[in-house]
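One structure below.
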Amino acid sequence: TCESGVVLQVAQQKAAEVDRLFPLSLGAEGSCTIGGNLSTNAGGTAALAFGVAREMALGLEVVLADGRILNGLSKLKKDNTGYDLRNLFIGAEGTLGIITAATLKLFPKPRAIETAFVGLKSPADALKLLSISQNEAAGSLTSFELLADIAVDFSVRHGIDIRQPLASKHPWFVLMELSSSRADARETLESILAQGMEQDIVDDAVIAANLSQRAAFWKLRDEMSAAQKPEGGSIKHDISVPVAAVPAFITEANAAVVKLIPGSRPVPFGHLGDGNIHYNVSQPIGANAADFLARWHDVNAVVFDIVLRMGGSISAEHGIGVLKRDELPDVKDKVAIELMRGIKALLDPLGIMNPGKVL
């Protein structure tokens with residue numbers, strides 16, 4: 001149980017001190033807090049195996065708009081006594097109440113972690129590799145990140161002490177990780193990659209030889225968003241589609257965006273195992289950043305149209321906030337929007353909780 005101001009990395013360290021794992025992990029874990037993670041229902045790189053923040057909290061303490069305190073710091077895995085108020089506040093972005101403490105779910109600490117950086121030809125091949133990995137590793141496959149070559153190039157070009165892990169360039173890459181309580185994680189990973197090579201899915205791969213090399217792989221991935229800044233304006237999306245539809249989404253979105261703004265550079269990367277892609281678009285080389293960013297909603301419209309046609313979501317893990325607030329009524333079920341507004345009016349009739357966000 002911890003208060004909301006506890007930094008995520010501190011929560012991870014406290015769990016490790018008692019030989020346990022708190023698996024929520026994201027690039028900002030050295031500064032983001034548990035309260036923020038729950039309020040935004042953070043996802044991260046381990047959601048494939050452990051789920052998002054919502055699935056890692058057993059109970060909450062919440063301060064309501066009228067000053068009352070909801071004391072729900074339960075440690076129970078089963079409690080079927082009426083409405084699940086906990087989940088009402090997780091992901092609400094502070095618009096219904098302020099999360100002040102949480103009881104978190106811990107997991108057995110893995111005895112072996114094996115990480116590989118893989119080069120391949122296409123997202124379709126990455127999807128085939130994901131299927132092989134899930135068949136072979138099952139629940140020990142904890143991360144499976146799809147990275148476009150341009151995203152890797154940006155990290156290598158603009159990051160500090162970041163190098164390309166493979167000897168040659170490839171159109172696409174996968175960063176995958178197995179975490180197991182058994183000692184056979186390395187053998188399982190080698191078997192997965194061998195099958196991928198036999199089936200002409202994997203073109204090249206390297207397995208991290210030590211903790212330093214593993215950290216280098218993840219640093220390359222974690223720096224991808226920041227590495228786009230020196231390239232000029234970037235229009236960002238945090239979308240999800242059914243996992244099987246990810247390759248088709250990327251193909252359609254790339255074509256649509258480049259048709260809309262010739263010379264624009266799609267930079268897709270993210271959590272293939274969850275169907276969650278951070279579909280970012282960098283400005284054409286030499287273009288004016290302000291002029292490019294002025295097309296933000298035009299690009300949104302093109303990308304969101306493809307997402308919705310594929311049965312996806314315009315916000316997979318980054319929430320709504322202000323940026324997507326006005327689009328929400330157009331993409332959300334009308335009854336759902338009415339219920340959300342009714343709940344907001346009931347719990348925050350004066351509109352003082354994070355005003356202007358979400359609704």
> Looking at side-chain heavy atoms only, is the closest gap between L130 and Q134 below 4.5 Å?
Replying inline: yes
Side-chain donor/acceptor pairs under 3.5 Å, residues 348-355, sequence neighbours excluded:
residue: D348; atom: OD1; partner: G351; partner atom: N; Å: 3.2
residue: D348; atom: OD1; partner: I352; partner atom: N; Å: 2.9
residue: D348; atom: OD2; partner: K344; partner atom: NZ; Å: 2.7
residue: D348; atom: OD2; partner: I352; partner atom: N; Å: 3.2
residue: D348; atom: OD2; partner: M353; partner atom: N; Å: 2.9
residue: N354; atom: OD1; partner: K357; partner atom: NZ; Å: 3.3
residue: N354; atom: ND2; partner: E93; partner atom: O; Å: 2.6

> Is there side-chain contact between H271 and E145, with heavy atoms separated by less than 4.5 Å?
Replying inline: yes
> Are the charged groups of R186 and E190 less than 4.0 angstrom apart, N to O?
Replying inline: yes
> Under a 4.5 Å cut-off applied to non-hydrogen side-chain atoms, are V281 and V303 in contact?
Replying inline: no
>> Run the side-chain contact (heavy atoms from CB on, under 4.5 Å) test against V18 and tell me which residues pass, sequence neighbours left out.
In response: R20
> K121 and salt bridge (charged side-chain N to carboxylate O under 4.0 Å, His left out): which partner among D149, D204, D203?
Replying inline: D203
> Excluding sequence neighbours, so at least two apart, what forms side-chain hydrogen bond (donor to acceptor under 3.5 Å, both in side chains) with R111?
Replying inline: D19
>> When you group the ILVMFWY residues by side-chain heavy-atom contacts below 4.5 Å and let the links chain together, are I98 and L96 in the same group?
In response: no
>> Quick one, E231 and H158 - any side-chain contact, counting heavy atoms below 4.5 Å?
In response: yes
Expected list for residues 29-37: side-chain donor-acceptor pairs under 3.5 angstrom, two or more places apart:
residue: E29; atom: OE1; partner: Q12; partner atom: NE2; Å: 3.3
residue: E29; atom: OE1; partner: S25; partner atom: OG; Å: 2.9
residue: E29; atom: OE1; partner: L26; partner atom: N; Å: 3.2
residue: S31; atom: OG; partner: A28; partner atom: O; Å: 3.3
residue: T33; atom: OG1; partner: G36; partner atom: N; Å: 3.3
residue: N37; atom: ND2; partner: T33; partner atom: O; Å: 3.4

Donor-acceptor pairs are to be reported for all side-chain atoms of residues 322-329 against protein atoms at under 3.5 Å, with residues two or more places apart or in another chain.
residue: K324; atom: NZ; partner: I314; partner atom: O; Å: 2.7
residue: R325; atom: NH1; partner: G356; partner atom: O; Å: 2.6
residue: E327; atom: OE2; partner: H297; partner atom: ND1; Å: 3.3

> Any ring pair (Phe, Tyr, Trp, His ring centres under 6.0 Å) pairs touching residues 169-217, not counting sequence neighbours?
Replying inline: F117-F173, F117-F217, H170-F173
> In terms of ring plane angle, is the pair F107 and F50 parallel, tilted or perpendicular, where the classes change at 30° and 60°?
Replying inline: perpendicular
